[in-house]
Every structure is written in C-alpha cells, then in structure tokens.
J.: 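One structure follows; several queries about it will come next.
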2 protein chains.
Amino acid sequence: MGNPGKPRPVAPADSGRRMQMADLARLAGVSTSTVSRALSGSELINPETRERIRTLARKFNYTINSVATGLRSGVQRTIAVIVPFEKASRQSFADPFLHGMIGSLADALTERGYEMLLSRIDADQLDTVAALIDSGRAAGVILIGQWRHHDQLNAMAARGLPLVVWGAHLPHQDYCTVGGDNVRGGRLVAEHLLAQGRRRMVFLGDCGLPEVAQRYRGFTAGLRAGGVGLPAQQRRTVPFLAESGRQAMLALIDANPALDAVFASSDLLAMAAVGALRERQRQVPADVAVVGYDDVELAAHFNPPLSTVRQPIHEAGTALVDALLLMLNGKTAPASALLETRLVVRESSQSAPAP
Amino acid sequence: MGNPGKPRPVAPADSGRRMQMADLARLAGVSTSTVSRALSGSELINPETRERIRTLARKFNYTINSVATGLRSGVQRTIAVIVPFEKASRQSFADPFLHGMIGSLADALTERGYEMLLSRIDADQLDTVAALIDSGRAAGVILIGQWRHHDQLNAMAARGLPLVVWGAHLPHQDYCTVGGDNVRGGRLVAEHLLAQGRRRMVFLGDCGLPEVAQRYRGFTAGLRAGGVGLPAQQRRTVPFLAESGRQAMLALIDANPALDAVFASSDLLAMAAVGALRERQRQVPADVAVVGYDDVELAAHFNPPLSTVRQPIHEAGTALVDALLLMLNGKTAPASALLETRLVVRESSQSAPAP
DNA sequence: ACGCAGATTGCAATCGATTGCATTAAGTTT
DNA sequence: AAACTTAATGCAATCGATTGCAATCTGCGT
C-alpha cells in the first residue's frame, strides 16, 4: 500500500473510476480469465493463485460488476413489485396492509436470492409495467391488486409476460393470482355479526375493486341467509383512505342513525370508521360493532382492539414469489392460489347490542 | 379474453427469446446503428426511416435492453433504499412511519427518473450495502435510520460511497444525514405536557438509537426547565414494535401507578401505550396524556386522536433524494439537513389531569 | 532425449446497445 | 463531366465479465 514512488495511484480508495476485473488482473499479474475463474471458485485455478486473487479483491473492495455479468449471462435476478395507485385519489400506498405485503415480499425475494425493484405506477398506465420486462430491468412482475384492470392484465398475460397478481380470482382470467378467499371472509363477518345479534349493518368499500366486490358478495350472501338485507343507503363506495373512510362513515351514520354494525373492507377504513362513530357519540362495540379486513399489525392494538378477517400476509408473499419463479422457470403459468382466510374476533365486535 | 381455440397461450407474441435490436434491424432492412439512432431520435437519420423503425418497434413491443445500455454507458439509474432491521427483534419494518418514508422516496425517485431497489438488511451487516454500489447494482444508497452503527457509516463514507442517511446529526459524522430536529421535538412535548399540568411522565423508547436519544435529551431538558425530573423507573428501553410497547407500558404503569403522561418515541409505541393504559383502566387523556412521534397518517384517526410530533415525510423523501443526487453529480458531500419539526396537539393529550 | 498426460493459464469471441469514423449515394457547382 | 457537398447509413470498437478452446509448462515413463 504505502509504496513510495508509485507512478500512478491506480485506485487509492477510489479516487477515479471504479476498479474492475482488468485492474485486479494487472495487480495480480494474471489475465482476467484467471481472475474470473478464481473469484467464482473454479477448480481449474491453482488454489494458491485463487486465494491470492481473492485476498487482493477483498483488499481493494472489488466486487464483480453485476451489470456486465447480467448482460453476458442473460439472467436477471430482479423482480419488480408494483403498487398501482389511482391518480384521482392518490390511493393505495397509505394502507398498512400494503406495507406488510411489501415487507413479506422483500423477505421472500431476499431468501431466494432476488432483488426487489419497488415501483408505484399509475393504475391507468399499467402497460409501462411491460416495459420493465421488455427492457430487461426485471425478470418478472408482482402486482399488488388488480384494481379495475382485469382486461389489461389478461392482455399482458397473453403476451407471455411473467406476471403474478395479488388479488381476486375472476372468471375468464388468463393471469395468475394469489389471494385470500374474499367471499368466505365476507360471509364469516356476516355470520359473526348476526350471531352477535346485530341487524342493521353498513358496508364500507369500493366494489369496483374485485377483491372488495367479493367481500361484499360474501357479506350480503351471509346476511341474506340470516334474513337480513343491505339496501343501498347502507353501503358507501370509498377508496382505501382514512379520511375518505371517516367522511363516508359520518354520512352513513347520518343516513342510518340506528345502525348497529359496520363491515369495512380494510382495517384502515375500520379504524377511520371507529373515529367517525366516536365523533357521533356512538360507543364501539356497545352501540355499534365494527369489523375490518386484513388484520394488520395495529388492529390488535387499536382502541378497541379490532375484529377483522385475517389475511395471511407471510404466506402471501411466499406464494406470490414462488408462483412467479415457477413461471420464470417452467414457462407454465401456475394455477391461481387461494389462501386460507379466517375471522379474528376482538373487542370491537364482541358484546351484544343495546336492544 | 375468452377466445375459443387458442393453440397455446404461453407466449404467442414472442415465442422464444426476447427480440433485440439486431432483429428489429433485420426486419427494417437496416443496421443496428440506424435502429439505435432512430430510436434515440437522432437527427442523422432520415425522418421517414426513423418513423418506420419506431413503428416497427412499437408493433413488436421492442424496448431497448437497459442492461446493455447500462453497461455501455456506465450510468446507473437505480438507487438502493435500505431498511436495516435488528436481527434480535425483527424490528423496524412494522412501523408505519417507515412505510410513509418509503412511499415518499418512491415518489421522489420516480419524479427524477430513478428506480428504487428496496432491501431489508440485517443492521449488523451493513457492509453488504457497499457491495450494492461496488457491483454496480445501484448508483447510491439511502439508508433509513443509522441505528447503532455510526462508526460503520463513517467508514463507508470514508470509502467514498454515495450514501445518505435518514437520522440524527451526530458529532464526528462524516456521512450526510437528513432528519428532523429531534431535540426540539422532545422539548416541545415536554413543554406541552407541562403546560397541561402533567408532572409524572414516563418515556418509551430505545435511547441506543441516536434519534430516540435526541428526543429523550430534548424531553428531559424541557422537563428540567420546568423543574420536573425523569428518574430511571419512569423510562423503558423498547424497540419500535407494538407488542413490546404494550408490555413496556404495562410495566411502567405498574411501577408508576400515579403517572399522568406518556411520551412515546414513535406513534406506533404511543398507540400500543394507549392500549396498555386501557387494559389498566386508565382513561386517555383524562387520567393520562399520551404523545407520540412521527404523525403517521393513522395518528389523526386513532382513538383518541393522537398528539404527536410531526415529521415532514414528504420533504424528507425529497431532501434525501436530492442530497444523494447532488453527491452523485458533484462528488461533494452536501451538508446534513435538519427539517422543520412541529408539535401537533390532538385529543390524546388535551384536557387537564384529574387533580 | 522424446512423447504424453495433467495441471494452469491465456486468447478471443460473446452478451446487446452505442458511437466515432468511414462509406455510399445523391445532388450541386463550375 | 469532374470535383465537391451534403445526407444517410454501415463498420467496427467499446462497455466489463465469462468461457470454450488452445497454449504452455511440469513431470514422468521409456
């Protein structure tokens, strides 16, 4: 190192350009072929040479340029995770459920040696997703939520893009989804609320989104089985945003002063609903029972602790990643998966209503 | 969509390997040079030829391979965003504050034409971060939180790695940070609680983390100015996890039955604290005032709405990205930035204590 | 001393796009 | 009609690492 009289300090710590294999080869007095093989642990290289080169690499913080490697080998170990948002509402990224999902995906990808490119994309320009693949920046795409773009997703699948979607399984679907059993989830909530003696329910959520629509379907089916209806003034279309949830809930209270239960299509909305109920002096759960969806971490620590339908986020991440990798290897689109879904009853929906 | 008689839907559009520039050149009857120039809009190319090639490219969904481009040009438009976690507690990714930060960074990066590589990394192996840069997978790194690794970060900065950290500004710091004014934040909370007539405070948070330590310093300084102390049994070291927060708060209540205020070093902990207080039949804010930190979106919708110190998350994302880009261009590490910090008083700390 | 096996190492082509320079074709000048 | 512009396009080197094949060297058998 501190050799006096160096003609040109090749790359001190790194004053100039990044060190590359040729530099290391020069330093070691061998060819780049040898360096390459030494670093990859090839048996062809003399163990002593190998060790010498590796030591040198470590000493100079040399790491193989993975752009070059990627070009040469043609393999790409990056997966794009796309969180679509709706321009109108800037909706989506605020939901804690997404957060959990992203964390779970990050873990699953890391475990399998992949990197995660995270991107928010305007839901109306989903086709830019295809460019991620076509340009080789990602090997595959995991899309969180299908939103209102079923047909576009089918088109992308038809083009053979390696794509897996977290969301609902729909009829005429050519792409692969992984999701919870939303219909069952909705039905479980209905049954639970009915069992608690509730009758005048309201529903919060945007049925334009397939997952929400399924939850709604299960919910109303469950209610119908118990002889309870859900007329239009007891529903409200609302994006997954706390403030929107609050507004919608206030309106629902005003339109249905006697309501005794709320089913919100996400925990975030449920929490906002609790706030709105409180503003209107309704006690949860004494006056009104509230049930959410997702079972985000905070649900258990909310005040009151929130009853909710659990989405198995950890399994979800694993299942999404595995499905995508299968697709990348096998070329055969794996079947869509339906994950277990169960109701977690906590305080917010427990006690009987005041008659 | 439901097209009957599809032979094999696997990959009709491009059966086989990905189309590349040479293919397109052949189709257009020109050389790759011409295609390259046509697609990049060079004036050298005949407008008609240019348009013809572009149309062809669109028709075949051809997108320039950005791995090859990246290799040739040597520029990398990917920034790594690192969320360190502590192996012991799996701590960190659960915090909604992080979620907001990631969203904000994603927006700021996208706006400037960069991609975001998101990675969770064991805080004890921060050096793997350097490999991201050395291997050319990312042009720079944004690290969320400095955790207990001030020295390692200094070492990385000394190596000249383009690195910006969200966190506290510390003495003897060679890397660039962007962060809120934590000392001021802590002091504001102290002053507010004192003004509400509270005297028996407790503090929740891990002072091993520089940001928390500064909040604590500001808090105790503020209390001292009001003649109030904070003996050891009124503090609790706790990671940013809801369940840990609950446990710690329960312990604090038992150790200080007469407490009348809580300062939690994050909103997540504050929410967990409210839950614990509720378990012990303490009213918030009547019996005990609670103040959090961060002002996550949910804070305003919590029950009761949570008083908290606002961290300007949007500015933070912008500032972090801008600082990093400056570093990448100018080669000169920009000065660390301190963002505005202010107290948001909501219901959880409002009314006077029962005397 | 010659030939050959085995162990190491180097040469050069390759991955896909870009770009300086050369080349060709068409048009203009004298 | 020769000389010369100008416009449009192609050739070939380049980015940094990998790898099939060839080259070199050592040692050994005879």
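All chains are named by letter (A, B, ...) in the order of the sequence lines, taking the proteins before the strands, and each is independently numbered beginning at 1. All values below were derived from every heavy atom in this structure, side-chain atoms included, with hydrogens, water molecules and symmetry-related copies excluded.
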J.: Check every atom of D:dT18, D:dA17, D:dC15 against the side chain of A:T32 and return the nucleotide holding the closest atom.
T.: D:dT18

J.: Just the rounded figure in Å: distance from C1' of D:dT18 to CE of A:M21.
T.: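 In whole Å, D:dT18 C1' lies 8 Å from A:M21 CE.
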
J.: Polar-atom pairs under 3.5 Å, protein N or O versus N or O of nucleotides 4-6 of chain D: list them with distances, or write none.
T.:
none

J.: Rounded to the nearest Å, what distance is computed from the CG atom of residue B:L24 to the C1' atom of nucleotide C:dT18?
T.: 15 Å

J.: The side chain of B:R72 is closest to which nucleotide in this list: C:dT9, D:dA13, D:dA17?
T.: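 Out of C:dT9, D:dA13, D:dA17, the nucleotide with an atom closest to B:R72's side chain is D:dA13.
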
J.: So if I take the C1' atoms of five pairs at each end of the helix from C:dA1-D:dT30 to C:dT30-D:dA1 and get each local axis, what angle do the two axes make, rounded to 10 degrees?
T.: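 One end axis against the other gives 70°.
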
J.: Return the residues of residues 48-58 of chain A meeting this criterion: a heavy atom under 4.0 Å from some atom of DNA chain D. Order them by number, or give none.
T.: none

J.: Taking atom types as modelled, is there a side-chain donor on A:H150 or A:Q146 under 3.5 Å from an acceptor on the other?
T.: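 Short answer, no.
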
J.: Hey, does B:I142 have a side-chain heavy atom less than 4.5 Å from the side chain of B:I82?
T.: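 Not in contact.
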
J.: May I have the step-by-step check of side-chain contact (heavy atoms from CB on, under 4.5 Å) for B:R148 and B:E86, ending in yes or no?
T.: CA-CA 10 Å; B:R148 303 165 214 282; B:E86 307 217 298; 2.8 Å; yes

J.: Verify, without hydrogens or angle tests, whether A:T110 (side chain) and A:A106 (backbone) share a donor-acceptor contact under 3.5 angstrom.
T.: yes

J.: Are any protein N/O atoms closer than 3.5 Å to N/O atoms in nucleotides 20-28 of chain C? If there are, list each pair with its distance.
T.:
{"from": "C:dG20", "atom 1": "O6", "to": "B:R37", "atom 2": "NH2", "distance (Å)": "3.4"}

J.: To check you understand the geometry: which heavy-atom pair defines the closest contact between A:I313 and A:S104, and what is its length?
T.: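 In this case the closest contact between A:I313 and A:S104 is O-OG, 2.9 Å.
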
J.: Relative to the 5' end of DNA chain D, which residue comes earlier, B:S31 or B:S73, by the nucleotide with the nearest heavy atom?
T.: B:S31

J.: Do A:R18 and B:D134 sit within salt-bridge range, that is, some charged N less than 4.0 Å from a carboxylate O?
T.: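 No salt bridge links A:R18 with B:D134.
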
J.: Just wondering, do A:R52 and A:E48 contact through their side chains at under 4.5 Å, heavy atoms?
T.: no

J.: Check side-chain hydrogen bond (donor to acceptor under 3.5 Å, both in side chains) between A:S135 and all other residues, then give those that pass, not counting sequence neighbours.
T.: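 With sequence neighbours excluded, A:S135 shows a side-chain hydrogen bond (donor to acceptor under 3.5 Å, both in side chains) to A:R137, given in chain and number order.
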
J.: Return the minimal non-hydrogen interatomic distance between B:P162 and B:I133, and the atom names on each side.
T.: CD-CG2, 4.0 Å

J.: Check whether any side-chain heavy atom of A:C176 sits under 4.5 Å from a side-chain heavy atom of A:V164, and report yes or no.
T.: yes

J.: Side-chain N or O of A:T34 less than 4.0 angstrom from OP1 or OP2 on C:dG10?
T.: yes

J.: Please work out if B:I64 contacts a base, only the sugar-phosphate, or nothing of the nucleic acid, heavy-atom cut-off 4.0 Å.
T.: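 If one applies the 4.0 Å heavy-atom cut-off, B:I64 turns out to touch the sugar-phosphate alone, with no base involved.
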
J.: Starting at atom CD1 of A:I45, determine the distance to atom P of C:dT9, rounded to an integer number of angstrom.
T.: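 Computing the A:I45:CD1 to C:dT9:P distance gives 5 Å.
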
J.: For B:A319 versus B:V178, what's the shortest heavy-atom pair and its separation?
T.: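 Scanning both residues, the minimum pair turns out to be CB-CG1, 3.9 Å.
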
J.: How long is the line joining CD of B:Q20 and C1' of C:dC15, in whole Å?
T.: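 My rounded result for the distance is 9 Å.
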
J.: Only distances under 3.5 Å count here; give the side-chain donor-acceptor pairs of residues 22-30 of chain B to other protein atoms, sequence neighbours excluded, each with its distance to 0.1 Å.
T.:
{"from": "B:D23", "atom 1": "OD1", "to": "B:R17", "atom 2": "NH2", "distance (Å)": "3.1"}
{"from": "B:D23", "atom 1": "OD1", "to": "B:R26", "atom 2": "NH1", "distance (Å)": "3.3"}
{"from": "B:D23", "atom 1": "OD2", "to": "B:R17", "atom 2": "NH2", "distance (Å)": "3.2"}
{"from": "B:D23", "atom 1": "OD2", "to": "B:Q20", "atom 2": "N", "distance (Å)": "2.9"}

J.: Whole Å only: how far is the CZ atom of B:R137 from the P atom of D:dG16?
T.: 17 Å

J.: Measure from CG on B:L71 to C1' on D:dA13 and round the result to the nearest Å.
T.: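 Value for this atom pair: 13 Å.
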
J.: Is there a side-chain contact between A:Y175 and A:L170 (heavy atoms, below 4.5 Å)?
T.: yes

J.: Within the structure shown, what part of the strands sits under 4.0 Å from B:V30 by heavy-atom distance: base, sugar-phosphate, or nothing?
T.: sugar-phosphate

J.: Starting at CG of A:L39 and ending at P of D:dT18, how long is that distance when rounded to a whole Å?
T.: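 In whole Å, D:dT18 P lies 8 Å from A:L39 CG.
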
J.: With sugar-phosphate meaning primed atoms plus P, OP1 and OP2, does A:V67 contact a base, only sugar-phosphate, or nothing at under 4.0 Å between heavy atoms?
T.: nothing

J.: Rounded to the nearest Å, what distance is computed from the CZ atom of residue B:R18 to the P atom of nucleotide C:dG16?
T.: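 So the CZ-P distance, B:R18 to C:dG16, works out to 9 Å.
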
J.: Between C:dG16, D:dT19, D:dG16, which nucleotide has the shortest distance from any of its atoms to the side chain of A:N65?
T.: D:dG16

J.: Does C:dG16 have OP1 or OP2 sitting under 4.0 Å from an N or O in the side chain of B:Y62?
T.: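 B:Y62 to C:dG16 OP1/OP2: no side-chain N or O under 4.0 Å.
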
J.: Could you tell me the separation between the CG atom of B:L105 and the OG1 atom of B:T318, rounded to the nearest 0.5 Å?
T.: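 Reported value, rounded in 0.5 Å steps: 8.5 Å.
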
J.: So, for B:L325 and B:R112, which heavy atoms are closest and what is the spacing to 0.1 Å?
T.: CD1-CD, 3.6 Å

